[in-house]
Protein chains: 2
Amino acid sequence: MYNFNMCEKFKNLKNTEYDIALLLNKKGILSANELQEILKVDKATIYRNLKSLIKKNIIRKVSAKKSFYELNCNIHNPIHPHFECIKCNKIYCLKPLSAEDTINISRYTNFEIHSIDIKIKGTCDECKSMDN
Amino acid sequence: MYNFNMCEKFKNLKNTEYDIALLLNKKGILSANELQEILKVDKATIYRNLKSLIKKNIIRKVSAKKSFYELNCNIHNPIHPHFECIKCNKIYCLKPLSAEDTINISRYTNFEIHSIDIKIKGTCDECKSMDN
DNA sequence: AACTTATTTGCAACTTAGTTGCATTTTATG
DNA sequence: CATAAAATGCAACTAAGTTGCAAATAAGTT
């Protein structure tokens, strides 16, 4: 996956922050609960560190049926749309938005843009094959 | 705004469902709390009816810092992206996605698509003018 | 109209995500 | 080593949303 060690931003992280970043790097996208189950620390610690990482611009939150978190790292992990399965609620990361599409979408507002979140909802192949 | 009466779907709605649809038609987009404050019914009633309206495909949920709900009615209110202000958390409805952009975005997945949610985050003019 | 059945509602209790205050532990610094 | 700063755990809390159940409304039948 992405080359975690190349990311300068992680150098100054400590303890839980670093563990979270490491896990998100390995797994791609996780919920606060999943992080807590793996790291076995208090949920307050998880949420405090998630908030801090978001503030430092190292991770971003993906709002779906529940919230997920993923790295916001570098060219190895640029902003990308997500697919949310309406059957199993699983989140799939899609390939990054092209420059053209990014520009096109950004034209829908004149406000100052900070980020563009695209979520495609539908049924994933796995769930579709289970239908009758 | 949209011509509410033209929408066949609303004919069979009753009580709270109808009130909610009417309000969303008038106000555009509202949270569950805002609906409850205006309609003065129990929140269980609000959520049950919101769920039912979503199932009937009459409204859709817009997930932001908190959830909002808007009509999913007809050609007068096609699917459109939203702008979420990261300062005041207000939601602005943007002009509908063009057919071209819809097709372009839909190409990012091969899964069966049900809907496309685009949320642009940033700072709205009102909040920007309050900055120093 | 009277009776029965189905639908809608309010209420209270609950779940789950996320937050906050505070005391304790851990880490950093002189 | 002593002290200050930062990170953690714990418990209590908030806010959104859900659920079971009993009471109230509405709809259907004779």
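None of the values given here were measured: they were computed from a predicted structure. We name chains A, B, ... by the order of the sequence lines, and we start the count at 1 in each one.
Atom P of nucleotide D/dA7 and atom CD1 of A/Ile46 are separated by 15 Å, given to the nearest angstrom. One atom, CG of A/Asn15, and another, P of D/dG9, lie 10 Å apart when rounded to the nearest Å. For the pair A/Ile54 CD1 and C/dG18 P, the computed distance is 9 Å after rounding to whole Å. Spacing between atom CD of B/Glu34 and atom P of D/dG17 amounts to 12 Å, rounded to whole angstrom units. A/Tyr47 has its OH atom 13 Å from the C1' atom of D/dA15, to the nearest Å. For the pair B/Lys43 NZ and D/dA15 P, the computed distance is 10 Å after rounding to whole Å. For the pair B/Leu39 CG and C/dT8 P, the interatomic distance rounds to 16 Å; values are reported in whole Å. Remark: P of D/dT8 and CG of A/Asp19 are 9 Å apart, rounded to the nearest angstrom.
The 5' end of DNA chain C is approached more closely, in terms of each residue's nearest nucleotide, by A/Asn33 than by the other of A/Asn33 and A/Ala44.
For a distance-only test at 3.5 Å, the side chain of B/Arg48 qualifies as a donor-acceptor partner of the base of C/dG10.
A/Asn49 CG to A/Ile20 CD1: the interatomic distance, rounded to the nearest 0.5 Å, is 5.0 Å.
Minimum interatomic distance between B/Glu126 and B/Tyr92 (heavy atoms only, all atoms of both residues): OE1-OH, 4.1 Å.
Using a 4.0 Å cut-off, some side-chain N or O of B/Tyr69 falls inside it from OP1 or OP2 of D/dG17. Taking 4.0 angstrom as the limit, A/Thr16 places a side-chain polar atom (N or O) nearer than this to OP1 or OP2 of D/dT8. OP1 or OP2 of D/dA16 has at least one side-chain nitrogen or oxygen of B/Lys66 nearer than 4.0 Å. The phosphate of D/dA7 (OP1 or OP2) has no side-chain N or O of A/Thr45 nearer than 4.0 angstrom. Note on A/Ser67: a side-chain N or O is less than 4.0 Å away from OP1 or OP2 of C/dG18. Contact check, B/Lys51 against D/dG17: no side-chain N or O comes under 4.0 Å of OP1 or OP2.
No more than 12 heavy-atom neighbours from other residues, nucleotides or ligands sit within 6.0 angstrom of NZ on A/Lys65.
Judged by distance alone, the side chain of A/Ser67 and the main-chain N or O of A/Ser63 form no donor-acceptor pair under 3.5 Å.
Across all strands shown, A/Ser31 has no heavy atoms under 4.0 Å from either base or sugar-phosphate atoms. Base contact: B/Asp42 has a heavy atom under 4.0 Å from a base atom.
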Please walk me through it: do B/Asp101 and B/Ser98 pass side chain to side chain donor-acceptor pair (under 3.5 Å)?
CA-CA 5 Å; B/Asp101 288 334; B/Ser98 69; 3.2 Å; yes
